[in-house]
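Excluded from the calculations below are hydrogen atoms, water molecules and symmetry mates; all remaining heavy atoms, backbone and side chain alike, are included. Each chain gets a letter, A, B and so on, in the order its sequence line appears, and its residues count up from 1.
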Amino acid sequence: GTAAADTPVTFQLNWYAGGANAGFAAALVEGYYKDAGLDVTIVQGNGSGNTAQMVASGQAHLAYADAVTVSQLIARGAPMKVVSTIYQSNPSEVEALKATGITSVKELEGKRVGVPAGSSQATMLPLFFEANEIDESTLSLVNMPPSSMVPALLQGSVDAILGSVDDYQIQATSQGAELDRFTFAEHGVPTVSTSIFASDRFIAENPEVLEKFIAASLKGWSFALDNPEKAVADLKATFPDMDEKLAAQQLAAIPELFCSGGAEFMGKATDAHWARTQDLMSQVGLLPEGADPTEYYTNDFLPADSELRPCE
Amino acid sequence: MNNLQDQGISGVPIEIEGVSKIFGPELEKPFRALKEVTLSIKAGEFVSVVGASGCGKSTLMLMVAGLLQATTGRISVDGKPVTKPLTDVGIAFQDHLLLEFRTAMQNVMLHADIRKLPRRQIEERAKDLFAQLRLERAMDKYPKQLSGGMRQRISLIRSLVHDPSVLMMDEPFGALDALTRLQVRMDLEALWMRRRPTVLFITHSVEEAVGLSDRIIVMSPSPGEVVDDIRVELERPRPITLGDAPEFGAYVDRIHHHFERLGVLHGMGKLPQHA
Amino acid sequence: MNNLQDQGISGVPIEIEGVSKIFGPELEKPFRALKEVTLSIKAGEFVSVVGASGCGKSTLMLMVAGLLQATTGRISVDGKPVTKPLTDVGIAFQDHLLLEFRTAMQNVMLHADIRKLPRRQIEERAKDLFAQLRLERAMDKYPKQLSGGMRQRISLIRSLVHDPSVLMMDEPFGALDALTRLQVRMDLEALWMRRRPTVLFITHSVEEAVGLSDRIIVMSPSPGEVVDDIRVELERPRPITLGDAPEFGAYVDRIHHHFERLGVLHGMGKLPQHA
Amino acid sequence: MDSNAPATAVVQDDVAPRRRNQTRYLIGQFLWNMIPPMTFVAIVGLWAVSVKVFEVPSYLLPAPDAVFRLLIAEAPMLWANTKVTLLEILLGFGLTILLAIPLGLVIALSPLAKQVLYPPAMLLQLVPKIAMAPLFLVWFGFGIESKVILTLLMTFFPLLIASISGFQILDTRLLYLTRSMGANTWQTFRYLRVPAALPVIFSGIKTSATIAATAAIVAEFVGANEGLGYVLLRGTSTMNMELTFAVLVILTVIGLAINYAVELTEWALAPWQRKSK
Amino acid sequence: MDSNAPATAVVQDDVAPRRRNQTRYLIGQFLWNMIPPMTFVAIVGLWAVSVKVFEVPSYLLPAPDAVFRLLIAEAPMLWANTKVTLLEILLGFGLTILLAIPLGLVIALSPLAKQVLYPPAMLLQLVPKIAMAPLFLVWFGFGIESKVILTLLMTFFPLLIASISGFQILDTRLLYLTRSMGANTWQTFRYLRVPAALPVIFSGIKTSATIAATAAIVAEFVGANEGLGYVLLRGTSTMNMELTFAVLVILTVIGLAINYAVELTEWALAPWQRKSK
Ligand SMILES: Nc1ncnc2c1ncn2[C@@H]1O[C@H](COP(=O)(O)OP(=O)(O)OP(=O)(O)O)[C@@H](O)[C@H]1O
Ligand SMILES: Nc1ncnc2c1ncn2[C@@H]1O[C@H](COP(=O)(O)OP(=O)(O)OP(=O)(O)O)[C@@H](O)[C@H]1O
Ligand SMILES: Cc1ncc(C[n+]2csc(CCO)c2C)c(N)n1
Ligand SMILES: [Mg+2]
Ligand SMILES: [Mg+2]
């Protein structure tokens, strides 16, 4: 379509631009949004919590954030819904330096574990311990600011950290560290994670725009997974301040998240996965007990399964 | 009373009726600073107040100026009760109250700033007064660069520069040397004779009071009250050499007599012996 | 010089040699406050300094006390050059310098605090002095609750309470009424005769200077220099009624003559006319 | 102040009204003292009403009664964490008082000290310590030290600046007095500089005091397993706004208590100022 | 100060040495003025050397030369973000100056205003605004408003307290003077209260100024796509410590510049104080 007819859409990210947003940048630069008649502006964010609150308060309408964080606000009455789940599983993982010699999850007992203070990941840690039959009382958890995590690990101030596949892990390896990693996804805590979500008002007023946006975004992600180098270039073109090297590493680290947790299609979390997430989260009080998970999401605006990229 | 009286009186009358003052906030031990004072000052009259240190002279002046609230009694100036600070007055405060952040000239020009008087004119007049008091070189100095006597003269200039109808001066010559003092005294008398403001003049010098006043109010030691009200019937302008005239001596003696009677003066030197 | 001289002199000699003072920081226009002054004061002598307002009397005193640096010249006290503030002195400053956060008594007791003098004894002596100066009721008041004359007397008590060997007083009676002033003058003379400290006394009152001093230093107007050094040969203790003695008049006239010659006094009242 | 207002125009601290009716006076005093709590009640009321009327969702602004209920329900947990934070505040702020006032004096007195010490001190202040906090943690460890140091650093400079200004404000002529008594540095400090500087220093202490609570919280953000900052962060990370606000309320109360203690100290230390208050 | 030191014991601001050698004097002045930059150089030198000697990894403390190189290399990007932050600082801090000083005056003058306004103002201060920053974002949006408001709130109270104390310090007898001239409130303010309060108010402005940069940064941490806070956080979250420190250096320079501007203003506005400096 012509530029004049394009519908303007602002998309609010959860964090600074990086490999974790490659699909959206690809959709933008490769022209998928434009082809759908959308004029998309991608805005960086300062954390899932912030982004979720911005949509809840009407500062933003279409955004990208951790599904659990978004669901927490929905459970408290925020008028919004998850419309497409990109990370089908939690990117959290426990990371230790190889040199520390922690080769199994069980060996974490008795160790000092750094935890990013104030993050929703930290509140999920008990689930991880429970799932792996680790006695939490033997551990010493050390809260710290997110930016202290990697230095503290490298310094040996802690034996392990509650890191993440797409962030702390990359930071640490970029400093030359070799890590043993225990992902939440593979260790009993597979929960839906980073997702596209929108305010109820946006959904009601612009259903077609939403459908087109999701379809184009998933196309972008598909492109990014197949052409990581081009996707990073697209990212760099969209966010010139971004560190390309880190972005490439991040993009390389996340494909495993797209189809974990029993997913059938990229971008679409199954009802069962959502139910499991609700069940796990309510155990640690992050989501209210007995809530109906369909309150949190809708798959109504996803393309037909036939048009979705299936998981291998 | 004197031969220039009819040249036009710029001053206004002052009535003080049963005015007393007790210091002390609500719940503290109160202190009586002034017993009841009643006093009537005619328009254009020059009235001095003398009395022992601490008897309440400054307190009385501040109450007349509307700057301090009287505990009892009524004060009126030009027929209007004083309930807020008088503004058409010139006051030379006992502690000068120069603003340390203004130069000497700027301190004097405060009138122009606040009363919105014509700057040019006030400045002219101020310059004349600075010259008169030999302070030309002090004009652009800050108070802390000036001597005690210079500071006092600047406060004096400030009280005079806007030609007020009521002048109140609290020991305005205290920090001046004997001869500058004589000089300023004559200057003040000349000014008073020309414009005839009402003057309330507080002084420690009995000679000065006699040399300048139409009336002298003698106050008792603390808490003060009026013990005498002396009409000074001497020709004006009064000569510098007034001290030699016998009438002059009589007035001075009358005042000293009061002080002695009231016990301002006591026995001979009895400073404590060093151990 | 007088019949009590041999009772033991607590004072020390003071030498002032070619001392002058120019005010003004490095890059500003400098101001000469004092021309060269040379003066020798004997142990236990009572020396007064008189001179027009602004001639540099206070400046000189502060330099002798080591509180201000002389621009040229040398000062020594008790044979030792003054390079830092003298400490065994009693000083009554022209602007009193009472600490507003201390009561009258606490202001006086500052000596005890700082010099570590026996509190009990100093307090005794202070109380006597408070009584002597009729300030008993002012003892526990803060300076701002006191009258001008009361503040001055407290500063006076503070300068005397530790019985110093050198006393410096800058117009110490300026804010006192005539009779309190006479009283305090006699008290001071008695104290001096008993202990014979060296006294540097700045005054505006020629009568006071003659009434108290062994010597009177007459200074010219600003920038000051010594124009006369008068030895006063009168009996001590000098009577209150000194004013009547003919020798007294001669001294006063001699000083006044200097002032007139130097132009301290000028023409008759010429205050500017109001426009 | 208005030149038309009759009675108030007279300088107020000299007024000595005769009290005919002691009871009426006391009632007046009581009403007067009730103004601050009433203002407070009014604010909370406004908050409660607007939350109700505009149907503000709790994740944007919780209702005051919900916050209050949580305060009661979680009192033991909150109190335990409050104690931790209080200790950090007292240590950090205490160090500030011990260090900033003497340093302020030295800088005010010695031009050389000012020339040498002031710029690095200011540099240290100007560096956003909040941004440096994660590094402090790695440098100084996870214990109470890093919290105390951060609190110290954040409260230090306001008091330092106030102290310098307080000590400089002294009428230098008063130094004549103490010098002529042979006062040494310490005596000049104790008997002259400190009392003269007191009002300004106390204003600096108040400023620092109000920053202290924030500082300790921020320090706990930076890494803690207990303390109000930790609880607050837990509140935000679980979107539990009631908890977050409960902590804010406690912190405000702590701030008020410190402020009150400071004012009381000032009142006790500066009797000569009492009337002008 | 030491009673044994001969020359310095004499009150210093009265000393008028005759300058025989103008050149030597100017050299002395120059060396004196070089002390702060030399201190700075010494600190940076120590930093550089210890990084080298102890082989400190860059994620703990980057070498100063690396930071400097980044400052040069990224100058355009840094400058663009600096402008954003500067605007926030100037707006927020400017509002503080416009609001806090008059409010300080009102509270200092009117016991009623103090009773009503002071407690809520203090409450607002005591609430840890840093913890509230995310809420501000939600309330006031992602734009410059939320940053300006946070900067305002964080810098407001130090200046308010200093203003109150500055206006209260006035010798009340001086009011006699202006009252007797019929000064209205505004004139008393302009001609008497402001100049008398100036030293204390300026000390408050300095305190606030040093907080201003931190405040804007914190606001940007919480939500911004530009500005130094954004760059700083990007630096930390990508382990680019050189970038983080480059931002810290810029912030420090901004702080120094503001401080210098404040001191210059004070110097210009208070000529009567110049010599005592
Ligand atoms: N603000 C105040 N608070 C309490 N008491 C005060 C206050 N001002 C003055 N007084 C007391 O009131 C009395 C009279 O003081 P005032 O200043 O009027 O005396 P004065 O006659 O002017 O004396 P002087 O000649 O020494 O100046 C004194 O005893 C003084 O202590
Ligand atoms: N700190 C200062 N800075 C600059 N000039 C000063 C300073 N102190 C005094 N002066 C000037 O020095 C001269 C002498 O002052 P000084 O105080 O010694 O006079 P004085 O003889 O004591 O006068 P008075 O009798 O009026 O007290 C005056 O012209 C004054 O302006
Ligand atoms: C210094 C710092 N680095 C990264 C993050 C953000 N972060 C931490 S884990 C993670 C991945 C979650 O999907 C993200 C985006 C932060 N807050 N602070
Ligand atoms: Mg008086
Ligand atoms: Mg003098």
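- Of all residues in residues 210-220 of chain E, those placing a non-hydrogen atom less than 4.5 angstrom from a non-hydrogen atom of chain D are Thr210(E), Ile211(E), Thr214(E), Ile217(E), Val218(E).
- Within the 4.5 Å cutoff, the side chain of Thr207(D) has no heavy atoms near those of the Phe157(E) side chain.
- Of the atoms belonging to Phe245(E), it is side-chain heavy atoms, and not backbone ones, that fall under 4.5 Å from chain D.
- When heavy atoms are compared at a cutoff of 4.5 Å, Thr39(E) approaches chain D solely by way of its side chain, counted from C-beta outward.
- With a threshold of 4.5 angstrom between heavy atoms, Leu232(D) approaches chain E through side-chain atoms but not through N, CA, C or O.
- Shortest non-hydrogen contact noted between Ala162(D) and Ser203(E) is CA-OG, 4.0 Å.
- The shortest distance between side-chain heavy atoms of Val116(E) and Met38(D) does not fall below 4.5 Å.
- Counting heavy-atom pairs under 4.5 Å between each of Pro36(E), Pro158(E), Gly255(E) and chain D puts Pro36(E) at the top.
- The part of Ile169(E) that comes within reach of chain D is its side chain, from C-beta onward, which places non-hydrogen atoms under 4.5 angstrom from that chain.
- The CG atom of Leu251(E) sits 11.5 Å away from atom CE of Met132(D), with the distance rounded to the nearest 0.5 Å.
- Listed options Val200(E), Ile43(E), Asn259(E) were ranked by heavy-atom pairs under 4.5 angstrom with chain D; first place goes to Asn259(E).
- Looking at Trp32(E), both its backbone and its side chain come within 4.5 Å of chain D, counting heavy atoms on both sides.
- Residues Leu112(D) and Ile35(E) meet the side-chain proximity criterion, which asks for heavy atoms closer than 4.5 Å.
- You'll find the side chain of Val249(D) stays beyond 4.5 Å of the side chain of Val127(E), heavy atoms only.
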